[in-house]
Enquirer: 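Right, I'll just put the structure down here and ask away after.
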Amino acid sequence: MEDVSDILDPLNEAQREAVAAPPGRTLVLAGAGSGKTRVLVHRAAWLNRVEGASPFTLMAVTFTNKAAAEMRGRIETLLGFSAAGMWTGTFHGLSHRLLRRHWREAGLTESFQILDSDDQKRLLRRVMRLLEIDEARFPPRQVQGYINSRKDDGQRPDDLGEGADPHTDRMIRIYRAYQEACERTGQVDFAELLLRSFELLRDNASLRNHYREQFRHVLVDEFQDTNGIQYAWLRMLAGPEADLFVVGDDDQSIYGWRGARVENIRRLTDDYPDVRVFRLEQNYRSTATILKAANALIDNNSGRMGKNLWTDGEDGEAIMLYAAFNDLDEARFVVDRLREAIADGHARSELAILYRSNAQSRLFEEALLTHGIPYRVYGGLRFFERAEIKDALAYTRLVSNPQDDASFERVVNTPPRGIGGKTVDLIREQSRARRASLWDAAEQCLQERLLPGRAHNAVTQFLALIQALGEQVTDQPLAEAIDLVIKGSGLRELFARDRDDRGESRLENLDELVSAARGFEQDWEGDGEMDTLTAFLAHAALEGGEGQAQDWQDCVQLMTLHSAKGLEFPWVCLAGLEEGLFPHRMSAEDPDRLEEERRLCYVGITRARRRLLMTWAEKRRLHGEERWCAPSRFISELPDDLIHHVRTRVSVSRPAMAIRRGLAESHEMADSGFHLGQRVMHPKFGEGVVLQYEGQGPSARIQVNFDTVGAKWLVASYAKLQGA
DNA sequence: GGTAAAGTGTTCCGC
DNA sequence: ACACTTTACC
């Protein structure tokens, strides 16, 4: 018998049972901080050592490239040898791999390219212009969302019944035209990667059987984030006989808005009645106090699979709750606590401020700046999404394939070279009339002298430039090729010209692109399915650029709750716990979306290891307007005995507020007996905050934002309001 | 073809 | 309010 102590010993009882489950269908409900990745990694090792599964028969699927890389690394460490034969990657990455291998069977061109969402929107715009559809009535963003969700549900235009209503019919028409444009030009968007590879397996029995035979063991991470097509994809690949090992947490599903279906967890237990379910509830991260709060909060959600986090560690400190006078006061208070923590010897990188929306970072940044505390804000534009990088890549694509219309349009007048809108319109017109690419259309325009003299010269030069670059670049290594393109296209010069910080960082980014290409070239062993350039472009579309070295210098961490998922910090501040902000106004009405907000709060709480600080502001500037806020309902869902209320302002701030609001308002308020921002009690609606006041005497109306039912207008003389 | 003025949107952002 | 994009005009 193989010695498996190194695999099982580091695990607790529940983890061990899951890892050593017999091959079959296994669902592991892994609570926050319960060692989810560890279980996946050890399962892979177990399969290899005990079940004798060769790495070639293993597939591990995750959502992000970062998670995929981490899992792969940890498996290799544990196994002590390379897991090279193992297919590890994201749903999109693995689909991409299948499609490259079987592009013919999938009905694609050999050199198909991946459209990222910007490219997709640009192509969509073009298609809509051809169909003469008004962009104002059908915002491309919305159409894009429509098409992607249809694809996420596995639907093609032909699957969609027309005739329902004119609006939907038009959407379907655009979808069809867009899809035809993609097929014609050999372009594949993100959702298409999944749908296409799903269809490939569905419609091709021999391929399906081949891969089912090969991947007898399929491991899936963050299963609660899968959407419809990903679930179908998994079922197609992991046949009814496969060893399917799925890890997820329904309480941490926070991506419903981009198509994730928590229901997939429950669906799995329906679709595979023989599934074994394990629960990981012992938490190794947080204090008992923090876990109690998290459990109590999430208990307000319905239809959970059910889980209760516990720890054998200590209770730890109470959760600190601060009701700030306004958003500035909130930032000041938080940064004061941060400074204390730093003085107590915390590294800055152990401290995190989490918030619901990106805009909230600004005030914290300012407060941190005034105190000279280094910080880093996560969630800006990712490397390959930055304009200058996309320009450089578009040039590179165009140089290697002049028929690429999307790239042509992007760079034809960047840097400005005298090919304005009029000229491009003419070329587009020509391209449509002749059913030719923009490049070919431009050549025809020159030959037939369709352009005015000035434009004629400009276009001649542009075409010559691209051709010349094409010749220079032939047979050059990737990095040199990209460098040549950046210099030759005039992009470098363009950004060098504006010498502010902006231009400076753009130049740095361009340099970074060249080094990224060099690094990619070194790591990438050609597998005969793609040339280096194609591979690099796919890499740029799929990997976003997280691979950049993050200087993990010691700084305070600022990020949205969404980007905090999967991370942990000894010291966490959850800021902006107000009705309308968190839960967000857009989600408060719909019970499902409200539950997702609650899960987001749960994710936030469970990020904290030792200390948790929660704050809300009674008054906040939002979209340029001062608003009165009620504390988030999530606060009242936490057991009060876990909370330490900090009140530094109780008696002082309210009169101060009335003064700041200005005299006119306080007079009006005076004759109702209430003032703006005051907490009041209504016999039916419960407690709330006075938001606005209108009119005088018996017809005067008062707007109250109730904690449970939201904002309502009431006639002051009828509403039996009481000060609370 | 470049700058100024008007317009737009404003929750979360993986691949 | 603000940042960013598109349009309008010189």
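Just so we're on the same page: letters track the sequence lines, and every chain starts at 1. All values reported here derive from a predicted model rather than from experimental measurement.
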Enquirer: Rounding to the closest angstrom, what is the interatomic distance between C:dC4 and B:dT11 at atom P?
Expert: 15 Å
Enquirer: So, is A:Asn358 near the phosphate of B:dC13, with a side-chain N or O under 4.0 Å from OP1 or OP2?
Expert: yes
Enquirer: Could you give the OH-to-P distance, from A:Tyr255 to B:dG14, as a whole number of Å?
Expert: 7 Å
Enquirer: Hey, does the side chain of A:Asn65 come within less than 4.0 Å of B:dC15's phosphate (OP1/OP2), counting only N and O?
Expert: yes
Enquirer: Measure the spacing between CZ of A:Arg410 and CZ of A:Arg122 and express it to the nearest 0.5 Å.
Expert: 5.0 Å
Enquirer: Give the rounded distance in Å between these two atoms: CG of A:Asp327 and P of C:dA1.
Expert: 14 Å
Enquirer: Taking the side chain of A:Arg141 as its heavy atoms from C-beta onward, which of B:dG14, B:dT11, B:dC13 lies nearest to it?
Expert: B:dC13
Enquirer: Taking A:Leu581's backbone N and O only, do any of them form a donor-acceptor pair with A:Arg585's side chain (distance below 3.5 Å, no angle check)?
Expert: no
Enquirer: Closest-nucleotide mapping onto DNA chain B: is A:Asn413 or A:Thr90 further toward the 5' terminus? I mean the 5' end.
Expert: A:Asn413
Enquirer: Under 4.0 Å, counting only non-hydrogen atoms across every strand here, what does A:Phe63 touch: a base, just sugar-phosphate, or nothing?
Expert: sugar-phosphate
Enquirer: Among B:dT11, B:dC12, B:dC15, which is the nearest nucleotide to the side chain of A:Leu542?
Expert: B:dC15
Enquirer: Strictly under 6.0 Å, is that where the ring centroids of A:Trp233 and A:Phe91 end up?
Expert: yes
Enquirer: Does the ring of A:Trp257 lie flat against the base of B:dC12, closer than 5.5 Å centre to centre with planes under 30°?
Expert: yes
Enquirer: Once you measure the plane-to-plane angle for A:Tyr355 and A:Phe364, does it fall in the parallel (<30°), tilted (30-60°) or perpendicular (>60°) bin?
Expert: parallel
Enquirer: For the pair made of CG in A:Asp189 and P in B:dG14, what is the distance, rounded to whole Å?
Expert: 17 Å
Enquirer: Can you tell me how far P of B:dG9 sits from CD of A:Glu625, to the nearest Å?
Expert: 19 Å
Enquirer: Check every strand shown and say whether A:Arg621 touches a base, only sugar-phosphate, or nothing at a heavy-atom separation below 4.0 Å.
Expert: sugar-phosphate
Enquirer: Just verifying a value: how many Å separate A:Phe190 CZ and A:Thr90 OG1, rounded to the nearest 0.5 Å?
Expert: 9.5 Å
Enquirer: Distance check needed: C:dA1 P versus A:Lys619 NZ, whole Å only.
Expert: 15 Å
Enquirer: Quick check for you: among B:dG14, B:dT11, B:dC15, whose closest atom lies nearest to any side-chain atom of A:Arg593?
Expert: B:dT11
Enquirer: A:Asp590 CG to B:dC12 P: how many Å, rounded?
Expert: 19 Å
Enquirer: For A:His102 together with A:Tyr211, are the ring centres under 6.0 Å from each other?
Expert: yes
Enquirer: Go through B:dC12, C:dT6, B:dT11 for me and flag the one nearest to the A:Arg125 side chain.
Expert: C:dT6
Enquirer: As a test of reading the structure: which of C:dA1, B:dC13, B:dC15 is closest to the side chain of A:His92, going by heavy atoms?
Expert: B:dC15
Enquirer: Starting the side chain at C-beta, find the nucleotide from B:dC15, B:dT11, B:dC12 nearest to A:Ser117.
Expert: B:dC15
Enquirer: Check this one for me: any side-chain N or O of A:Thr560 less than 4.0 Å away from OP1 or OP2 of B:dC13?
Expert: yes
Enquirer: Atom NZ of A:Lys66 and atom C1' of B:dC15: how far apart are they, to the nearest Å?
Expert: 15 Å
Enquirer: Taking atom P in both C:dA3 and B:dC12, compute the distance separating them and give it to the nearest angstrom.
Expert: 16 Å
Enquirer: On DNA chain B, check which nucleotide each of A:Asp152 and A:Pro139 is closest to and give me the residue with the more 5' one.
Expert: A:Pro139
Enquirer: I want to verify a distance call: between B:dC13, B:dT11, B:dG14, whose nearest atom is closest to the A:Ser357 side chain?
Expert: B:dT11
Enquirer: Between B:dC13 atom P and A:Glu596 atom CD, what is the distance in whole Å?
Expert: 13 Å
Enquirer: Return the nearest nucleotide to the side chain of A:His562; candidates are B:dC12, B:dG14, B:dC15.
Expert: B:dC12
Enquirer: List in chain and number order the residues that pass salt bridge (Lys or Arg N to Asp or Glu O under 4.0 Å) with A:Glu589, two or more places apart in sequence or in another chain; answer none if no residue qualifies.
Expert: none
Enquirer: Once you apply a heavy-atom cut-off of 4.0 Å, does A:Ser563 come out as touching a base, just sugar-phosphate, or nothing?
Expert: sugar-phosphate
